[in-house]
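Quick caveat: nothing in here was measured; it's all calculated off a predicted structure. In what follows, every chain begins at residue 1, and chains take the letters A, B, ... in the order their sequences are listed.
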Amino acid sequence: MTTADPALTDAALLLAYRRGQLEAFTTLYDRYADRLYFYARTLAGNAAEDVVQEAFTRLFRVEPSGPDVPLAPFLFTVVRNLAVDALRRDGARERAHADLASRPGSSEPDSEFAELLDLLPVEQREVVFLKLHTGLTFAEIAEVTGQKLPSVASRYRYALEKLSGALAGEGVSR
Amino acid sequence: MRIEDVEAALRRMPLPGAPRSLREQVARGAADALARPAAPIPLRAPRPRVERLSLAGALLAAAAVLGAVLLPPSRPPRRRRSGWTSSWPASAIPRPPAAPARSRR
């Protein structure tokens with residue numbers, strides 16, 4: 001069994017890396033990099049690259065207790081926290097949290113999905129992204145974002161209702 | 001458009017990729033970390049940053065705590081039963097004999 005085997009869990013790959021298999025970490029990177037980068041960019045714009053690099057740097061030393069421990073909630077929470085920190089460092093300390101909730105498009109959208117998400121406030125944007133592209137449950141998304149479970153579910157519903165109109169050709173220039 | 005169709009359409013949309021340079025930086029860092037192993041950190045999800053604390057909410061909470069400390073509820077003290085009779089029904093606890101009624105003359 002090689003580390004490229006899709007049946008290997010994230011934690012099994014991380015354990016293999018901790019035992020010295022560098023390619024196991026590369027496989028782990030390939031599984032998550034695009035989604036973590038997109039999430040970081042949604043939250044912190046241009047700081048996304050630094051945020052994701054730092055998140056993986058923290059993962060180097062993490063030792064899961066077993067091969068079935070889920071890694072995704074850890075990774076997305078770390079990226080989110082680092083993104084909030086980056087916003088604060090960017091001189092927006094007093095506005096960081098408010099900004100996160102009301103930021104307009106945080107960077108130039110370069111995909112149809114990003115363009116659609118830019119129609120939403122950030123707290124809906126991240127819920128939609130996490131639900132549709134990470135496989136996290138609503139409960140896990142609530143943990144990652146520090147929101148209450150009912151808020152997460154209702155934000156998701158409102159967001160999809162809004163995007164439904166946009167997809168039908170009412171709101172997005174495509 | 002049904003919600004399920006919206007979900008399916010959004011899921012089908014590809015995400016833009018992370019920069020190629022990021023992969024190289026992370027791979028280099030992973031190799032360095034392997035060469036200089038450090039004490040492992042047990043996997044534990046970090047606490048998410050608290051996003052917003054509304055000023056009004058904070059003031060209300062502070063006022064409630066202060067109110068509870070400075071203005072305790074004015075309630076007559078309850079008679080407490082002693083420890084070993086506390087499990088008895090009230091009717092089983094002996095009461096002091098009532099004072100004899102006085103006749104009015």
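- In this structure, the portions of A:Tyr17 lying under 4.5 Å from any heavy atom of chain B include both its backbone and its side chain.
- A single hydrophobic cluster is seen to contain both A:Leu117 and A:Leu136, as judged by linkage of ILVMFWY side chains at heavy-atom distances under 4.5 Å, directly or through other members.
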Checking A:Tyr37 against B:Leu15 for the side-chain contact (heavy atoms from CB on, under 4.5 Å) test, could you report, in this order, the C-alpha distance in whole Å, the side-chain angles of both residues, the deciding distance, and whether it holds? CA-CA 10 Å; A:Tyr37 181 74; B:Leu15 299 179; over 6 Å; no

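- With a 4.5 Å cut-off on non-hydrogen atoms, B:Arg23 touches chain A through its backbone and its side chain both.
- Rounded to the nearest 0.5 angstrom, B:Arg28 CZ and A:Leu22 CG are separated by 12.0 Å.
- Contact of A:Asp50 with chain B is not made at all, since no heavy-atom distance falls under 4.5 Å.
- When heavy atoms are compared at a cutoff of 4.5 Å, A:Tyr32 does not approach chain B at all.
- Interface remark: A:Arg58 contributes no atoms to any contact with chain B (heavy atom separation under 4.5 Å).
- With a threshold of 4.5 angstrom between heavy atoms, B:Ala35 does not approach chain A through any atom at all.
- When each of A:Arg35, A:Arg157, A:Gln53 is checked for heavy-atom pairs under 4.5 Å with chain B, A:Gln53 comes out on top.
- In this structure, chain B has a heavy atom under 4.5 Å from the side chain of A:Phe38, while its backbone stays farther away.
- Using a 4.5 Å heavy-atom threshold, the side chains of B:Pro40 and A:Arg18 count as touching.
- At a 4.5 Å heavy-atom cutoff, the contact between A:Glu161 and chain B is made by backbone and side-chain atoms alike.
- If you measure heavy-atom distances from A:Val144 to chain B, the contacts under 4.5 Å come from the backbone alone.
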